[in-house]
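Labels below follow one simple rule: chain letters A, B, ... track the order of the sequence lines, proteins then strands, and each chain is numbered from 1.
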Amino acid sequence: MLGVLLTPILKREQTSFKALYGKSFAVDASIELHQFLALIRKPDGSLFTDPKGRVTSHLIGLLTRTSRLVIEYKLRPVFVFDGRPNPLKSATIEARRKVQQKAQTEYLQAITARDYSKAWSKVVMTGRVTGEVLADAKKLLSLMGIPWLEALEDGEAQASFMAAKGDVWAVGSKDYDCLLFGAPILARYLTLTGREYLPSKRTSRPLIPELVNLADNLQALGISREQLVDLALLVGTDFNEGVMGIGPKRGLALIRKYGVAEEFPEEIRSHLPENLDSVRNIFLHPRVLENYSLKKRGPDPDGMVEFLSEERAFKRDRVQKVADGLAESQSKSDSQLGQWLA
DNA sequence: CCCGTTTA
DNA sequence: TAAACGGGG
């Protein structure tokens, strides 16, 4: 499981890239990179690599997808990388690794059985964000002039802090965790393709991002953020297991009835962590970098060509085209939008 | 994932 | 005109 499951009780509103024009986002880098490694693959399911065998799928994603958001839609992402994970997350991390290993085994079995559609479905779960993947992503982001920073712990917590502080307009993620971390607005599907079928008129396939507003949802649910965190503890988070048989709906009912986790009936309370505040504080008072500088850096077209074309065998004109687009976008934003961060 | 090209 | 296909590194 990745993130807290609150879908059934949260109000989401569809938006459009037009409506998001010029807005800034703190993007969860590890989720973004996982997406790229899951989806940017050759027909046989293998990752793209350079001639030396180094993975390049995430670089393709950053060069094509992310640059398009910046050039075409004028979004201003800031990538937030995970720092050292909180010790309470180790069970989740271990569980994820097991899922990956299982997928890897099943992938190899499917290949042996020549069941290629099954192989594909499994291999997308095996993408590993390695140190090299992270280093290359950071290097390319720098060359593209896209700011990034590394969190002390959870990237999602850092991104949420930046949004709550007003340094960015929203957190770009697919998980709801950032609401627990206090992000005022969560923007989902900034990074995935959504396809809209308009029966008449437009034939294009626009992406449909959606927004989740924390204050609106708390008001609709009639609970506080602290109570939403307690609700999440019932459902289960990356930092605790949750209570068997309790999902968002029943959790909400419990919170409404009892107010705080301490007041829950013993048979429920006993399934929650002994020290409730140890988990609550991860969400309510996370360790975050307070003094980060997001100084604006322009793109480095020559550096992009050097890195991607000469080192990683990308087609030169393709890289050059994106680099030029970024440079132009940047110079326009200098005059029209001011700083990268508003 | 995205894009350009081919195909129905 | 849109769905299918192939290639990207």
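Going from atom CG of A/D50 over to atom C1' of C/dG9 covers 7 Å, rounded to whole Å. Following rounding to the nearest Å, A/L62 (CG) and C/dG9 (P) show an atom-to-atom distance of 15 Å. Rounded to an integer number of Å, the gap from CD1 of A/I40 to C1' of C/dG7 is 13 Å. Rounded to a whole Å, the NZ atom of A/K321 is 10 Å from the C1' atom of B/dC3. Atom NE2 in A/H58 sits roughly 19 Å away from atom P in C/dG8 (whole-Å rounding). Remark: C1' of C/dG9 and CG of A/L37 are 14 Å apart, rounded to the nearest angstrom. If you measure from atom CZ of A/F314 to atom P of C/dG7, you get 18 Å, rounded to the nearest angstrom. Protein atom NE2 of A/H34 is 17 Å distant from nucleotide atom P of B/dC1, rounded to whole Å.
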I'd like to know whether A/E156 forms a side-chain contact (heavy atoms from CB on, under 4.5 Å) with A/I31, so could you lay out the CA-CA distance, the side-chain angles of the two residues, the decisive distance to 0.1 Å, and finally the verdict.
CA-CA 10 Å; A/E156 202 105 42; A/I31 287 181; 4.0 Å; yes

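No side-chain donor from either of A/N291 and A/S293 sits under 3.5 Å from a side-chain acceptor of the other. A donor-acceptor contact closer than 3.5 angstrom is absent between the side chains of A/D50 and A/T56.
The side chain of A/L39 has B/dC1 as its nearest neighbour among C/dG9, B/dC3, B/dC1.
For the pair A/K165 and A/Y292, the distance from NZ or CZ to the six-membered ring centre is under 6.0 Å and the angle to the ring normal is within 45 degrees.
Contact between the side-chain N/O atoms of A/R68 and the OP1/OP2 oxygens of B/dC3 is found at a separation under 4.0 Å. Look at A/R318 and you'll find a side-chain N or O under 4.0 angstrom from OP1 or OP2 of C/dG9. Residue A/K42 has no polar side-chain atom (N or O) positioned under 4.0 Å from OP1 or OP2 of C/dG8.
When heavy atoms are screened at a 4.0 angstrom cut-off, A/T49 is found touching base atoms of the nucleic acid. Heavy atoms of A/R54 sit nowhere under 4.0 angstrom from any nucleic acid atom.
Of the possible polar contacts, one joining the A/Q227 side chain to the A/S224 backbone as a donor-acceptor pair under 3.5 Å is found.
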